[in-house]
Amino acid sequence: MTGGTRSGWLFASGVVIAVAVWVLGGPGALGEGAVLAGMLAAGELLWLRPDRRTPLPLAFAVMTVIVTMDPWHALVVVFAAEVVVAVVDPHAGAVRVRIARFAERLAEAMSAGAAYQLVHSTEFGTLRAVDLTALAAAAVTPIVLSDLIDRVRRRPWPPLAARSADVAIVAGGILMAVGFQGIAGVGDLGVWGPVLFSVPLLAAWYSFELLASTRRTFEQTVSALADAPELGGLVRGGHAARVADLAEEMGRALDMSPAQLDELRTAALLHHLGAVSLDEPVGGAALDPDDVAAAGADMLRASGVLAPAGEIVAAERLLHRPPGTAPQATGALAGMILKVASAYDELTEGSDVHAQWAVEALYTGPGYVYDGRVLAVLERALERRSDVPV
Amino acid sequence: MRTWWRDPFRPIAALLGATCLSLAAALALCGSSPQWQVVLVLGGLYALAENQDVRLPNDSSISAGFMLAMAGVVVFRSEGALLGPLLVGLGGGLYLEHLRTRQWAKVVTNSSIFALSSLAAALVFQLIPERAVESIPGQLIAALPIGLTFSLVNFVLLVPVVVAANNTSYRVAARDLWLGDLQIYPFALMGLLLGELYLDLGLWVVPLFVTPIFIARQAFASYLAMRDAQDAALALLVRTLESKDRYTAGHVERVARFSVCMGEEFKFRPGRLERLRYAALMHDIGKLIVPNQILNKPGKLTAEEYERVRLHDAASVTLLGRIDFLAPVVPSLDLAHAPHGSEADVPLEARIIMVADAFDAMTSTRSYRRALSQDVAFAELREKSGGQFDPACVEALVAALGRRGERYGSGHEEQPVEFGAPPPTVGTGSAGLGDLAGESEAVGR
């Protein structure tokens with residue numbers, strides 16, 4: 001669907017919603033109801049969402065605004081908007097999926113309304129405190145419900161970092177609601193409130209979208225580079241991806257930070273890239289691993305922000321040498337993890353069938369080659385994979 | 001004393017600081033005082049926002065600090081209408097880096113500029129009748145002159161500072177600063193609304209307002225960092241390719257540049273141009289699977305070697321096809337094997353890159369041939385138009401280079417490669433490696 005077609009659909013949705021609200025909700029609610037319903041529908045149709053998250057920023061924030069309306073008007077607005085979305089959304093797919101999502105959104109909006117009414121009916125403090133707490137409850141509840149629905153559908157639990165997006169929804173939603181109805185009777189900007197205060201929220205989400213798409217392109221570019229030695233027959237197929245997955249798992253078990261895990265993963269994916277820059281040895285002999293690592297590390301070090309990954313690749317080879325013969329390496333722990341993960345994958349040829357034998361072989365090597373602590377982490381990672389002790 | 005005046009910031013700082021101080025004293029004596037706790041909150045937030053600015057790729061920076069200055073203009077409407085905004089503005093110049101390194105002249109200069117800009121904006125706000133800014137449409141309109149005044153004063157005061165500090169011309173400084181000021185209107189509007197809400201609802205509204213903006217700032221900064229990582233990945237590819245074949249140094253960057261020039265001729269939007277540049281930088285990724293000995297072989301390739309070379313086209317398509325961002329411009333594998341197929345089936349970007357690739361191959365010295373002149377390369381491209389090359393792309397390249405007055409090829413090479421044995425002076429070559437064996441035969445090598 002092109003941008004023009006999408007805009008056309010949005011306009012048509014707005015007209016349908018306006019008519020529905022006018023017929024069902026009465027002429028007095030027409031303007032505000034139509035605008036809020038249009039914003040709710042736009043929030044769904046614009047398909048703005050951070051990576052691996054279900055809550056839709058604009059739609060969920062608008063729910064916080066809608067719950068401050070008269071309950072019946074609120075229901076009409078949500079119902080009309082979601083019917084239009086269920087009909088016109090080009091992403092929704094089969095009718096069954098559209099109906100399920102319609103029900104899901106309705107439940108989320110109603111949960112927001114219920115939470116708002118529940119808190120608002122209590123008298124635990126000043127009117128302002130009650131209003132604010134009720135709005136906070138209305139903003140948080142649909143996010144919690146959508147997460148629970150995701151869990152029922154066996155989708156992975158979102159990482160903590162993605163929660164900053166939820167904080168933006170909650171803060172943005174409360175602000176939009178405050179702008180709409182005011183708080184404790186003051187500060188009412190009418191429908192201008194949600195319209196204008198949606199701008200920072202949309203800016204936040206646009207940034208999340210940019211970040212997610214750029215990250216995806218970066219990861220795929222690195223993967224494409226990692227695949228080159230494998231396509232050229234210099235490395236066993238899938239080696240880099242398997243080593244990256246295993247190394248990342250081990251790094252996480254060793255409490256490495258997200259930034260360190262990113263660097264380790266990049267290093268693992270590209271630790272054989274140096275092979276493509278070396279001349280093939282005469283007579284079909286294998287390339288010297290030290291030369292491969294040194295070439296790859298040099299190229300990574302010279303590539304700006306990927307330099308830390310280069311240090312890890314360099315450290316992986318330096319750690320092959322007996323103590324005292326190699327200089328102290330930067331990124332030593334990550335280098336040790338990479339070395340163990342890569343050696344394990346080479347021994348098992350990509351299959352966990354020989355996992356036990358491979359781990360034993362790694363343990364029986366010279367003491368300085370593989371770090372005992374990292375080998376223990378490898379064992380635990382393999383046990384988690386197979387659910388049986390290695 | 002002589003050293004004191006050598007630092008260009010110090011006399012400017014002294015002048016601006018003295019002006020600021022005099023105005024503050026005069027306003028304090030003549031008018032009402034603002035609420036100090038409000039000054040501290042808004043000024044502190046202004047300093048925080050300015051320290052959290054995000055540097056954009058065009059070297060300008062963006063921050064939400066201006067919004068706090070505009071909020072100050074509204075909040076002090078009834079008490080300390082001019083002194084309040086001036087004091088809040090001082091917070092904007094408190095950059096941690098300057099404070100930590102004790103660059104007091106810079107601190108005074110920046111703070112004074114922000115303070116005087118805020119004062120000017122507050123003056124304009126005072127001139128607007130209160131009734132006009134009671135409604136939201138009124139505020140939408142009022143935000144423009146208020147924001148522009150702040151921007152203009154800031155611009156006028158900052159240009160001489162930048163000229164003195166960077167030893168640049170007024171014209172260059174003015175151009176750079178003006179680009180950075182275009183962001184100002186949305187923040188002006190948001191700032192006025194924040195001020196109104198503050199007056200109605202009190203201090204607690206500030207975190208609600210600032211949180212989404214701060215999160216947006218963090219996400220945008222992460223996006224820019226990720227862009228750097230992406231550029232580094234491309235640089236890594238270029239470096240790896242050049243490590244395999246030093247005779248094609250600079251090739252992919254030139255192909256990317258020619259491609260972007262042609263994309264501009266086709267009036268591509270910025271997003272499409274970025275995709276084209278990216279694809280052009282990566283178009284030779286398949287070369288990574290070709291052994292160095294074959295790439296650098298000075299003599300004729302054997303049939304087996306030629307076949308390995310031909311495989312690089314398919315490898316490029318395979319690898320690029322795995323990148324979602326490039327998927328729309330990567331032709332299908334079948335089409336890559338049959339590049340003379342229907343033009344309609346091959347994306348325009350791929351046809352552009354094919355022409356750019358061939359042009360650069362012809363206008364660069366290679367191990368098998370010296371660089372041809374630009375006119376010969378254009379003639380060759382035109383001769384093969386309609387068959388190997390898309391005529392529209394060929395003409396776009398000719399027009400783009402003609403418009404820019406750029407010359408490539410024999411006599412115009414940026415970094416001519418020195419060979420042990422001089423390459424032949426005949427033989428057109430073509431789209432890089434693809435026709436290497438055929439051309440080698442054609443020139444009788």
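Small disclaimer: the values here were computed from a predicted structure and weren't measured. Order of the sequence lines sets the chain letters (A, B, ...), proteins ahead of strands, with each chain counted from 1.
Neither the backbone nor the side chain of Phe214(B) comes within less than 4.5 Å of any heavy atom of chain A. For Arg308(B), the part lying near chain A is the side chain, with the backbone staying farther off; criterion is any non-hydrogen pair under 4.5 Å. Neither the backbone nor the side chain of Ala307(A) comes within less than 4.5 Å of any heavy atom in chain B. Only the side chain of Leu270(A) comes within less than 4.5 Å of a heavy atom in chain B; its backbone stays farther off. Contact annotation for Val199(A): only side-chain heavy atoms (C-beta onward) come within less than 4.5 Å of a heavy atom of chain B.
Ring centroid separation for the pair His283(B) and His312(B) does not come in under the 6.0 Å cut-off. For Phe66(B) and Tyr46(B), the ring centers sit 6.0 Å or farther from each other.
Ranked by non-hydrogen atom pairs under 4.5 Å with chain B, the options Leu300(A), Val170(A), Leu132(A), Asp298(A) are led by Leu132(A). Heavy-atom pairs under 4.5 Å with chain B peak, among Ala204(A), Ser303(A), Ala295(A), at Ser303(A).
For Arg272(B) and Phe268(B), the positive end sits near the middle of the six-membered ring, less than 6.0 Å away and at most 45° from its axis. Geometrically, Arg216(A) does not engage Phe325(B) in a cation-pi contact defined by less than 6.0 Å to the ring centre and at most 45° from the axis.
With sequence neighbours left out, Glu274(B) forms a salt bridge (charged side-chain N to carboxylate O under 4.0 Å, His left out) with Arg277(B).
Among residue pairs with one or both ends in residues 263-277 of chain A, those qualifying as salt bridge (charged side-chain N to carboxylate O under 4.0 Å, His left out) are Asp245(A)-Arg265(A), Glu248(A)-Arg265(A); sequence neighbours excluded.
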